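Down below is the structure, laid out as C-alpha cells.
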Amino acid sequence: MKSEYMLLCAPYRFASSYPGLTRGRRVLGVDDAALSPAQARAGDGLLSVVPAPPDPSAVRRCLKENFNVVDADSTRSAVDDLAAGRYRVNPQSFQTVLSAIVEQSEAAGDIARIAGDRGPQGFDDCRIVDLLARAYAGGLLDEAAFVQALSGQGERIAASYSGWEQYHASCALGEMVHAGTAGWLVGRREDFLTAILECCFPLAQAFDRASYWPKADLREVGRLVSALLPPSTVGAVAPAALPASQSAGPPAHEYPQPAAELLGERASLGRTVYPRAAALAEYALWGPARQAGVDWMLTGWDREDLGVLLPMPVPSPQAGRMFWIEWSKDSKGPYEGVQFARLSTSVRCRALLTDAWVYDREKKPFRKTVITPIPWERAAFTAETTPLGSIKILLNGRKVGLIPEPAYDMIGEPRDRFLSVSPKEGEAFLAPYLERLNGVLAELGTRVRRFSEEHSEDGGRRDGRA
C-alpha cells in the first residue's frame, strides 16, 4: 500500500478549509499524507496521518450533503460515479460550459490542451481520494477498507495520466467547469485554483515523493493558473509566478521597526534603502529558492542562523534584524549599491551582495579583512554539502557561507537525519535538492542585473552608505 496516493488530493488537502480535519490518528501503512502549506512551512512537512476530526459527525454531514454518502456502500457507489464522470449531472450543459471557458480564456485553453484526453476528470479524481479520506475520518470505512480503496483508486489514477502536469491541469479545468454549472462544487473556484497554484510553486517538491509519475515540473501549469487569479492572490501565494514587472516590486511587509530602533540616526536611510533591498532579495534569491523548494537549505534549524542574512524578516524576524544590525556596522564601508544579502561562515561575513557588486571579504592571518569587489558577470555562486548534511555556499570556489544545521524539519526530516545514514546515503538524499539550489545560484547574477535594469528609475546603483 503506497500512501503517496494521498498526494493526489493535494488541492483539497492543501486548501484553507482542510487543515481543521487533519488531526489525529495514524494508520498503519498510510504514510506521507500532506498537510496545509502553512503547516508544511512551519516544519510539520509530510506527516503520517489521515484526518481524524474531533467531531466525526460533522464530516459525515458534509459527505451526505455533497455526495449522499452515509455508509460504506454509498461511499463505494459515490467513488464509482466520480470515476465514471457521472457527477456531471447535465452532460450537454457541462460540455457547453467547457467549450465556452476554453474559447473565452487563452490560459484556460492552454490548460485544456495540457489536460489532453483526460479533460476535466482530474477534479473528480482529486475528490475521490479526498472523499475516501473523509469517509475514513467519519467512521464510514474501517482501516482495511480505506487502505484497499485508496490503493485501488490510486493505481487507476496513476495509470490514467502522464504525470503531475497533466493531472493538475485536469484538476484546474474540472474546477472551472464545475464552477460554471449546477454540478457538484465543493468550495469556491478561487480557493481551489489558489491551492493548485500553491502546489505548482512553493510546494512542488512534495510531489517528488511519489514514485508513480516523473519528477514534477509544474511551472507552466502554475503560470497559466496564475493568469486566472487576481495578482494580489498570486503575489501572496507564489510571487515567482508573477511577471517580472509585478513580482519585483517591494514586498507587502513593512520595514521592521526593531531594526529601525537599532539603526538610530541611520533609521531614515534604512527606510529609504529597505524597499529596494527587500524587493531585490525576494526577486533574485529568496523567491526563486522558495519556488524551487530549497529555501530550507538557506535556513538554519533555529531560523536564526547567520549563514545567509536577508533584509526581510525571513526566515525569522530575528534574522532580518541581524541583517540590519550588520548593515549599520558596514554603512560607512567601501560598498557601492544597495546591500541585499550577507553570507557568513560562523559569525564572520565572507561575502556582501549589493545591486552593483559582489564584495568578497577575506580575512587573512595578521591582516585586516581584504575586500575585493567582483562584477556580477564574474561572480559564480555554487553550493556543496558536507557528510553531516551542512550546506556550503561558494563564491568562485571559495567558501563564503555555511549553514551548519539546515531546517530539515521544513521537509519533514529529523534534525539528526545524517547521523543514522552512511555518507553515501546522505549524499544521494541531498542530490536532487542540491541540483535545484545550484540552479537558483547559477542565475543569481542574471536576476540581479535584470532587476537593476528594470528598476533603475527607483534608485538604480544607489549608495547604501550614510
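All values derive from a computational prediction rather than experimental measurement. All heavy atoms count here, side chains included; hydrogens, waters and symmetry mates do not.
- Heavy atoms only, all atoms of each residue included: A227 and A107 are closest at CB-CB, 3.9 Å.
- Side-chain atoms of S344 never come within 3.5 Å of backbone atoms of G401 as a donor-acceptor pair (strictly under, hydrogens ignored).
- A 6.0 Å sphere centred on CD of E220 holds more than 12 heavy atoms belonging to other residues, nucleotides or ligands.
- Environment of CZ in R398: crowded, with over 12 heavy atoms of neighbouring residues, nucleotides or ligands closer than 6.0 Å.
- Put simply, CD1 on I403 and OG1 on T299 are 8.5 Å apart, with the number rounded to the nearest 0.5 Å.
- From C349, atom SG reaches atom CD of Q339 across 8.0 Å, with rounding to the nearest 0.5 Å.
- Applying the ring pair (Phe, Tyr, Trp, His ring centres under 6.0 Å) rule to Y161 yields the partners Y167; only residues at least two apart in sequence or on another chain are considered.
- In this structure, the side chains of L352 and L343 stay at 4.5 Å or more apart for every pair of heavy atoms.
- Side-chain N or O atoms of W376 include none that pairs as donor or acceptor with a backbone N or O of R449 at under 3.5 Å.
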Check the pair C171, I196 against side chain to side chain contact (heavy atoms under 4.5 Å, CB included), reporting the backbone distance first and the verdict last.
-> CA-CA 8 Å; C171 288; I196 291 180; 3.9 Å; yes

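- Residues T345 and R350 have side chains that bring a donor and an acceptor to within less than 3.5 angstrom of each other.
- The line from OG1 of T372 to CG of D360 is 5.5 Å long, rounded to the nearest 0.5 Å.
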Pair L430-E425, side chain to side chain contact (heavy atoms under 4.5 Å, CB included): steps then yes or no | CA-CA 9 Å; L430 284 173; E425 290 173 321; over 6 Å; no

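- With hydrogens and angles ignored, the 3.5 Å screen pairs a side-chain donor or acceptor of T386 with a backbone N or O of S390.
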How far apart are the C-alpha atoms of W164 and L7, what are their side-chain angles, what is the distance that settles it, and do they pass the side chain to side chain contact (heavy atoms under 4.5 Å, CB included) test?
-> CA-CA 10 Å; W164 287 109; L7 291 172; 3.9 Å; yes

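- Rounding to the nearest 0.5 angstrom, the gap separating the CD atom in E443 from the CZ atom in F381 is 14.0 Å.
- Residues that satisfy the side chain to side chain contact (heavy atoms under 4.5 Å, CB included) test with E405, not counting sequence neighbours, are W301, R415.
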Applying side chain to side chain contact (heavy atoms under 4.5 Å, CB included), run through R361 and V370 and close with a yes or a no.
-> CA-CA 6 Å; R361 295 164 47 109; V370 177; over 6 Å; no

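- In this structure, the side chains of I114 and E165 come closer than 4.5 Å at one or more pairs of heavy atoms.
- For the pair Y212 (side chain) and I157 (backbone), a donor-acceptor distance under 3.5 Å is absent.
- The nearest pair of heavy atoms linking V440 to A292 is CG2-CB, 3.9 Å.
- L8 and G154 make their closest contact through CD1-CA, 4.1 Å (heavy atoms, listed as atom of the first residue, atom of the second, distance).
- One finds the CG atom of L150 at 6.5 Å from the CG atom of L132 (value rounded to the nearest 0.5 Å).
- A heavy-atom distance below 4.5 Å is found between the side chains of R450 and Y283.
- Judged by distance alone, with hydrogens and angles left aside, the side-chain atoms of S170 form a donor-acceptor pair with the main-chain N or O of G122 at under 3.5 Å.
- Here the side chains of Y5 and V129 are not in contact, with every heavy-atom distance at 4.5 Å or above.
- L298 places none of its side-chain heavy atoms less than 4.5 Å from the side chain of D295.
- Among all heavy-atom pairs drawn from I128 and A83, the shortest one is CD1-N, 3.6 Å.
- E384 places none of its side-chain heavy atoms less than 4.5 Å from the side chain of K399.
- Ring-centre distance between W357 and Y335: not below the 6.0 Å cut-off.
- Looking only at side-chain heavy atoms (C-beta outward), L197 and L193 stay at 4.5 Å or farther from each other.
- L173 CG to R118 CZ: the interatomic distance, rounded to the nearest 0.5 Å, is 12.0 Å.
- Using a 4.5 Å heavy-atom threshold, the side chains of D117 and Q166 count as touching.
- Shown here for A341 and L310, the closest heavy-atom pair between the two residues is CB-CD2, 3.7 Å.
- Here the shortest heavy-atom pairing between A115 and A169 reads N-CB, 3.9 Å.
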I would like to know whether R127 and D130 meet salt bridge (charged side-chain N to carboxylate O under 4.0 Å, His left out); could you show each step before the answer?
-> CA-CA 5 Å; R127 291 192 292 170; D130 182 70; over 6 Å; no

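- Donor-acceptor pairing under 3.5 Å is recorded for the side chains of R156 and Q153.
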Can R219 and D217 be said to form a salt bridge (charged side-chain N to carboxylate O under 4.0 Å, His left out), step by step?
-> CA-CA 6 Å; R219 288 171 293 183; D217 184 353; 2.9 Å; yes

